[in-house]
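Contents: one structure, followed by commentary.
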Amino acid sequence: MPESPALYPKLENYDSGFLPVSDIHTLYYEQSGNPQGKPVIYLHGGPGGGVSAHDRRYFDPEVYRIILLDQRGAGKSTPTACLEDNTTWALVSDIEKLREHLKIEKWVVFGGSWGSTLSLVYAQEHPDRVKALILRGIFMLRQSELKWFYEHGGASNIFPDAWDEYVKPIPENERHNFIAAYHKRLTGDNEEERIKCAKAWSTWECSTSKLYVDPVEVAKASEDIWALAFARIECHYFFNKGFFKTDAHILENVDKIRHIPATIVQGRYDVVCPATSAWDLHKVWPEAKFEFMADAGHSAKELATTARLVQAADEYKSL
Ligand SMILES: CNCC(=O)c1nnc(C(C)(C)C)o1
């Protein structure tokens, strides 16, 4: 797959560390770019997806102090794939703990998919700590969004071939509620069953995230450790409805962030987090810059999406 020419060059981190945030969880974070630069935090998707060196490259390293964080149970954070004390609200608290640990007053917040969910919730809880928001592939964890992608009748109509693989681990009599059926197995005692289901769940998502299936992305879903963290943590959050009290929590609290500079970038043909969520957010938040990318699916690695995300980060250099 061609790499976007818009990305800044590959770079190494100049710092990394592990931050204990509870009796159970310790989080991996790293810093790259300019140590005296303008702070930006990158919030990965999933939840459970983890960060990679690629994620440093949306930001001008001369200007930005780039901070990547593996959320609870994801990536290098420990314990891997741990669901205990792993909730949206704990992650919001972790981001604040990391900000204080790094002695940062305010930062740009960047997130796609679940990362957009967490970015929005963090900003609504701590608006005074957010200089700007850069959001991609809007996901607000509403029941309609989960139904579209994880139950039959939505994305299954666009990728019927991949869907047939996704349903295989689940017996016919449980296929009326895939999230519950997968949750039972992903949190069960049978390790072989856990790994089989983790790979099927992760392959479904990785096979549908780009207009042209990216074999590198799909291959990730066959790595036991990554697949288990991604599938277990995602399914845990979805089974618990994002730990929100109401289905439209983010939309109901948008007034808390309407003053914050923001850019929303949405793939027109995003099958994982369809455009309707981004459009719903745009209609209640007209102040945020909004753009559909005509030739893009869900992934931030779609060429047009990457270019627009880098452009947004460049635009916020002056803040
Ligand atoms: C609703 N979950 C989608 C999500 O947040 C996500 N993060 N990474 C991915 C891929 C690995 C499939 C690109 O999806």
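Each ligand, and each atom within it, is numbered from 1 in the order the structure gives.
- Within the listing of ligand 1, atoms 5 (O), 7 (N) sit less than 4.0 angstrom from a heavy atom of Gly45.
- For the pair Arg57 and Tyr8, the cation-pi test (distance below 6.0 Å, angle within 45°) is failed.
- By the 4.0 Å N-to-carboxylate-O rule, Asp128 lies too far from Lys106 to be salt-bridged with it.
- Relative ring orientation between Tyr150 and Phe238 is described as tilted, the plane-to-plane angle lying within the 30° to 60° band.
- Regarding atom 9 (C) of ligand 1, its nearest protein heavy-atom neighbour is Phe230 CZ, 4.0 Å.
- When hydrogens are left out, the protein atom nearest atom 3 (C) of ligand 1 is Glu205 OE2, 2.6 Å; that is the closest non-hydrogen contact.
- Residues His152 and Val167 have side chains not in contact (no heavy-atom distance under 4.5 Å, counting atoms from C-beta outward).
- Residue Glu234 touches ligand 1 through its side chain alone, judged by heavy-atom distances below 4.0 Å.
- Using a 4.5 Å heavy-atom threshold, the side chains of Asn86 and His236 count as touching.
- Considering both main-chain and side-chain atoms, Gly46 comes within under 3.5 Å of ligand 1 through a nitrogen or oxygen pair.
- Both Ile138 and Leu43 belong to a common hydrophobic cluster when Ile, Leu, Val, Met, Phe, Trp and Tyr are linked at side-chain heavy-atom distances under 4.5 angstrom.
- What sits closest to atom 4 (C) of ligand 1 on the protein, heavy atoms only, is Ser113 OG, 2.6 Å.
- Each of the following atoms of ligand 1 lies closer than 4.0 Å to a heavy atom of Phe139: 1 (C).
- Tracing side-chain contacts under 4.5 Å through hydrophobic residues (I, L, V, M, F, W, Y), one reaches Tyr122 starting from Ile233; they form part of the same cluster.
- Ligand 1 places these atoms under 4.0 Å from at least one heavy atom of Tyr150: 1 (C), 2 (N).
- Polar contact with ligand 1: present for Trp114 (N/O pair, distance under 3.5 Å).
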